Amino acid sequence: PKHFNPKKLAINIDINKLRHDNIEDYLKKMKNKSLRTLHIYSQDCQDRYFNTELLLGYLATKDVLSEREGVQSVIFSGQEVTNEGMKKIFNRLKNSRITKLELCYCKNLTDRGLLPLFQNASKLETLDLKLNSCSDETLKNIAKHLPTELPTLKNLFLRSDDFTDN
């Protein structure tokens, strides 16, 4: 009988170790049909911004997040992602199987950058937006898109110092 191997179900990418010459190796691992979770994280890294944008570009153009692939959960934590970089990923969500998205501690991700997410994530069930640069505008956009573009959203986790009582 086949044994359950949780390592085949997830891949952790440390942005610190990403280089032009090894990104294809990561992409091959991501194309594995049994891959379910993609966790992209970073610890202190001088080239973190460059490496993150490099990876986002590859993810958006190499069909890693397409519906025929198995990835269902994507986690970005502590990333130097930009609104433009994430827009590439968010525009791919409409044709993906992703049901869980965590964007935590991505301090450069703003209200404006999240708007394409709400317009393209129709299969999303869990969304975690803790400690980004989000304000009340993000809350308004979620409420606006919830009935039509986010019909399957069941779990929403928000935390920001920029939210008000208004």
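All values below were derived from every heavy atom in this structure, side-chain atoms included, with hydrogens, water molecules and symmetry-related copies excluded. All of these numbers come straight from a predicted model, not from anything done at the bench.
- For the side-chain hydrogen bond (donor to acceptor under 3.5 Å, both in side chains) test with Thr138, the passing option among Asp111, Thr110, Asn132 is Asp111; the others fail.
- Remark: the backbone N or O of Leu153 is not paired with any side-chain donor or acceptor of Thr126 at under 3.5 angstrom.
- Note that CG of Asp128 and OG of Ser77 are 10.5 Å apart. Values are rounded to the nearest 0.5 Å.
- Listed here is the closest heavy atom pair of Leu150 and Ala121: CD2-O, 3.5 Å.
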CA sep, side-chain torsions, deciding dist, call: Asn120, Asn91, side-chain hydrogen bond (donor to acceptor under 3.5 Å, both in side chains)
CA-CA 6 Å; Asn120 291 296; Asn91 288 337; 3.3 Å; yes

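- Taking the side chain as every heavy atom from C-beta outward, Gln72 and Thr37 never approach each other to under 4.5 Å.
- The OG atom of Ser73 lies 6.0 Å from the CD atom of Glu102; values are rounded to the nearest 0.5 Å.
- Side-chain N or O atoms of Thr99 include none that pairs as donor or acceptor with a backbone N or O of Leu124 at under 3.5 Å.
- To the nearest 0.5 angstrom, Leu114 atom CG is 10.0 Å from Ser135 atom OG.
- Linking Ile, Leu, Val, Met, Phe, Trp and Tyr residues whenever their side-chain heavy atoms come within less than 4.5 Å leaves Phe157 and Tyr105 in two separate clusters.
- The closest side-chain donor-acceptor pair between Thr82 and Asn108, if any, does not fall under 3.5 angstrom.
- In the hydrophobic cluster analysis, where Ile, Leu, Val, Met, Phe, Trp and Tyr join through side-chain heavy atoms closer than 4.5 angstrom, Leu139 is grouped together with Leu146.
- Ion pair Glu125/Lys123 not flagged as a salt bridge, since none of the NZ, NE, NH1 or NH2 atoms sits closer than 4.0 Å to an Asp/Glu carboxylate oxygen.
- In this structure, the separation between CZ on Arg112 and CD on Glu137 is 12.0 Å, given to the nearest 0.5 Å.
- Taken together through direct or relayed side-chain contacts under 4.5 Å among Ile, Leu, Val, Met, Phe, Trp and Tyr, Leu103 and Leu158 form part of one hydrophobic cluster.
- In terms of hydrophobic clustering, with Ile, Leu, Val, Met, Phe, Trp and Tyr side chains grouped at heavy-atom distances under 4.5 Å, Val81 and Ile75 are assigned to different clusters.
- Side-chain contact between Asn155 and Lys100: absent, with no pair of heavy atoms (C-beta onward) separated by less than 4.5 Å.
- Inter-residue side-chain proximity for Leu117 and Leu101 is flagged as met; some heavy-atom pair is nearer than 4.5 Å.
- Between the CG atom in Leu129 and the CG atom in Leu109 there is a gap of 7.5 Å [rounded to 0.5 Å].
- Distance CZ/Phe76 to CE/Met86: 4.0 Å, rounded to 0.5 Å.
- Listed here is the closest heavy atom pair of Phe90 and Gly113: CE1-O, 3.2 Å.
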